[in-house]
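Report on the following structure.
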Amino acid sequence: MWLFYKGKGWVGWLWKTLWKMDNSRVWEAIVSKVSEKIPEQSFNTWIRPLKLKAFENGELVIATPNNFYIDWIEEHYLSIFKQVLKELALDGVKIRFVSERRRKKLKAVDVQVPTSTSMFQPHYTFENFVVGACNSLAYAGSLAVAQNPGKVYNPLFIYGKVGLGKTHLLHSIGNYVFKHRQGLKVCYVSCEVILNEMIESIKDGTMSQFKQKYRSFDVFLLDDVQFLSQKERLQEEIFHIFNYLYNANKQIVLTSDSLPQEIPYLEERLASRFAWGLIADLKPPDFETRVAILKKKAELYNVVIPEDALLYIAEHIRGNIRDLESAIVRVMAVASLTSARIDLELVKECLSEILKVSKKITLPEIQESVAKAFDIPLSALRSKKRSAHIVLARQVAMYLAREILQLPLKEIGKAFGGKDHTTVMYACQKVEQLMEKDMEFRERVFHIKKLIMEG
Ligand code: ADP
Ligand code: MG
């Protein structure tokens with residue numbers, strides 16, 4: 001099957017010259033490059049089942065097993081596909097995922113999609129948020145401010161580790177206000193996005209519009225304020241936005257992975273303002289809440305999972321809710337690929353890989369692997385040496401310790417020669433930022449992680 005693109009322009013030219021080869025080989029090349037960029041397990045679950053359906057009119061049409069895959073891949077892997085296309089000098093090519101199978105009929109609970117002007121995730125609602133002892137204060141606080149914006153707790157500050165529901169709660173507030181208080185202007189933004197917006201505004205000389213925009217909201221939902229760390233200019237802008245909105249009795253809700261005063265390099269005047277209202281934490285869910293969450297997710301995904309299989313997942317996946325969700329999604333993916341019924345046996349099989357790795361690995365093993373990968377003595381990781389190479393290796397080791405073992409910052413700091421928890425937090429942020437900016441570095445970290453996971 002040969003491909004000749006009939007379109008005009010440089011994409012057409014590229015087609016004619018570069019792609020006079022078998023379509024399937026093009027696809028193979030793309031897949032192989034993607035495989036280098038993501039962990040093996042994710043690759044096997046999400047990328048391997050994809051099939052090339054067509055390659056025409058400057059568009060790569062990829063078949064996925066079902067609609068569920070499309071959502072997942074677009075959210076998690078689209079940027080990697082785009083990066084690969086760029087690396088193959090195909091950045092003019094569009095990519096579209098289609099489903100082999102139609103989505104099952106949605107239930108009434110699913111059909112809560114707000115009007116197209118809403119910026120909020122339709123599924124992130126209070127109704128879909130399972131409440132337990134671990135999150136009841138954050139839930140109640142969020143509901144109260146959604147019902148009475150600017151009147152009860154201001155600001156509301158929600159903190160907790162990754163995957164415990166901070167973003168879900170912010171969107172729930174957004175959805176609620178959007179639906180019930182149509183006169184109010186509500187805005188959700190993550191600190192990362194607002195940073196980029198600010199930089200663009202500075203570049204384009206449109207800072208006054210930027211300032212104006214963020215002073216115009218009745219409800220301001222700011223996600224992941226730990227990201228403000230060390231961003232002095234952004235802190236300055238947020239300080240003024242905060243004061244303006246607060247003085248006008250507008251509702252402010254903030255989330256973070258730690259308490260305001262524990263965010264490193266955050267100005268004192270901001271940290272103290274963030275703590276003016278109600279501070280509510282999110283803790284990892286207990287067993288009963290994990291079961292309830294799994295049931296809720298199964299209902300939302302419209303999939304039947306027998307009770308014993310659900311209990312098995314809840315017993316074995318304890319970290320955070322995102323991991324619970326990934327487990328269920330993995331089970332669904334495997335079941336739909338192999339047309340198998342979901343039962344305890346299938347669940348055990350699906351989770352065995354995840355569980356095997358999470359049980360075995362220890363912090364000293366992570367340190368050893370990183371030291372080896374960076375070609376430095378193990379003792380240097382635990383020392384106070386400040387040469388750039390050693391510092392980077394130490395930061396990567398701290399990041400991987402957090403990522404793989406989800407240990408508390410303090411504990412990680414202790415294992416690296418008694419470093420402060422803020423040093424560990426900074427290290428993790430630094431590595432995450434580098435991974436986002438630098439593809440090569442990202443691959444390197446993934447490679448080390450893979451070596452650790454495979455023992
Ligand atoms: P965070 O922002 O804290 O990292 P998210 O809000 O993104 O976490 O939550 C991760 C996933 O877990 C989301 O898909 C969210 O819907 C789900 N989730 C978190 N908490 C709950 C909960 N209490 N009930 C149901 N789903 C939850
Ligand atoms: Mg979040």
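Both ligands and their constituent atoms are indexed starting at 1 by order of listing. Quick note: numbers below take in every heavy atom, side chains included, and nothing from hydrogens, waters or symmetry partners.
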Contact (N/O only, under 3.5 Å) between Phe129 and ligand 1: no
statement: The closest protein heavy-atom partner of atom 26 (N) of ligand 1 is Lys297 NZ, 3.0 Å
Student check: side-chain heavy atoms of Lys449 and Ile404 closer than 4.5 Å: yes
- prompt: Between Arg442 and Glu436, is there a salt bridge with N-O shorter than 4.0 Å?
  reply: no
field: Cation-aromatic face contact Arg394/Phe416, 6.0 Å, 45 degrees
entry: no
message: When you compare ligand 1 with Gly165, is there at least one nitrogen or oxygen pair between them that comes in under 3.5 angstrom?
response: yes
field: Close-contact set for ligand 1 against Asn128 heavy atoms, below 4.0 Å
entry: 24 (N), 25 (C)
Please tabulate, one pair per line, all N/O donor-acceptor pairs under 3.5 Å involving side-chain atoms of residues 420-434, not counting sequence neighbours.
unit_1: Asp420; atom_1: OD2; unit_2: Thr422; atom_2: OG1; d: 2.5
unit_1: Gln429; atom_1: NE2; unit_2: Gln226; atom_2: O; d: 3.4

query: Taking C-beta and beyond as the side chain, do Asn128 and Leu300 meet within less than 4.5 Å on heavy atoms?
result: yes
- prompt: Ring centroid separation for Tyr188 and Phe120, is it under 6.0 angstrom?
  reply: no
query: Nearest protein heavy-atom contact for atom 7 (O) of ligand 1: which residue, which atom, what distance?
result: Arg322 NH2, 2.7 Å
statement: Among non-hydrogen protein atoms, atom 24 (N) of ligand 1 lies closest to Val130 N, 2.8 Å
query: Hey, is His171 one of the residues with a heavy atom under 4.0 angstrom from ligand 1?
result: no
message: Looking only at the aromatic ring of each residue, does the gap between the centers of Tyr214 and Phe210 stay below 6.0 angstrom?
response: yes
CZ-CD1 distance between Phe157 and Ile252, expressed to the nearest 0.5 angstrom: 12.5 Å
Taking atom 4 (O) of ligand 1 as the reference point, the nearest protein heavy atom with its distance: Gly163 N, 2.7 Å
task: Indicate the ring-plane relationship of Trp72 and Trp46, choosing parallel, tilted or perpendicular according to the 30° and 60° boundaries.
output: parallel
- line: Counting heavy atoms under 4.0 Å, the part of His123 that contacts ligand 1 is neither
message: Are Asp218 and Arg181 packed together at the side-chain level, in the sense that at least one heavy-atom pair is separated by less than 4.5 angstrom?
response: no
query: Side chain, backbone, both or neither: which part of Tyr124 comes within less than 4.0 Å of ligand 1 when only heavy atoms are counted?
result: side chain
query: Taking only heavy atoms of Asn135, which atoms of ligand 1 are found under 4.0 Å from at least one of them?
result: 23 (N)
- prompt: Short N/O distance, under 3.5 Å, between Ile293 and ligand 1?
  reply: no
- request: Working to the nearest 0.5 Å, report the span between CG of Asn320 and CD1 of Ile293.
  value: 10.0 Å
query: Under 4.0 Å from any heavy atom of Lys166, which atoms of ligand 1 are there?
result: 1 (P), 2 (O), 3 (O), 4 (O), 6 (O), 8 (O)
- prompt: Nearest protein heavy-atom contact for atom 6 (O) of ligand 1: which residue, which atom, what distance?
  reply: His168 N, 2.8 Å
- prompt: Counting heavy atoms only, which of Val329, Asp224, Asn320, Ile321 is nearest atom 21 (C) of ligand 1?
  reply: Ile321
- prompt: Is the Mg ion (ligand 2) less than 2.8 Å from at least one N/O/S atom of Thr167?
  reply: yes
task: Give the ring-plane orientation class for His180 versus Tyr176, where under 30° counts as parallel, over 60° as perpendicular and anything between as tilted.
output: tilted
query: Nearest to atom 11 (C) of ligand 1, what protein heavy atom do you find, and at what distance?
result: Glu325 OE1, 3.6 Å
- prompt: Does ligand 1 have a heavy atom under 4.0 Å from the side chain of Leu164, from its backbone, from both, or from neither?
  reply: backbone
query: In terms of atom number and element, which parts of ligand 1 are under 4.0 angstrom from non-hydrogen atoms of Val162?
result: 4 (O)
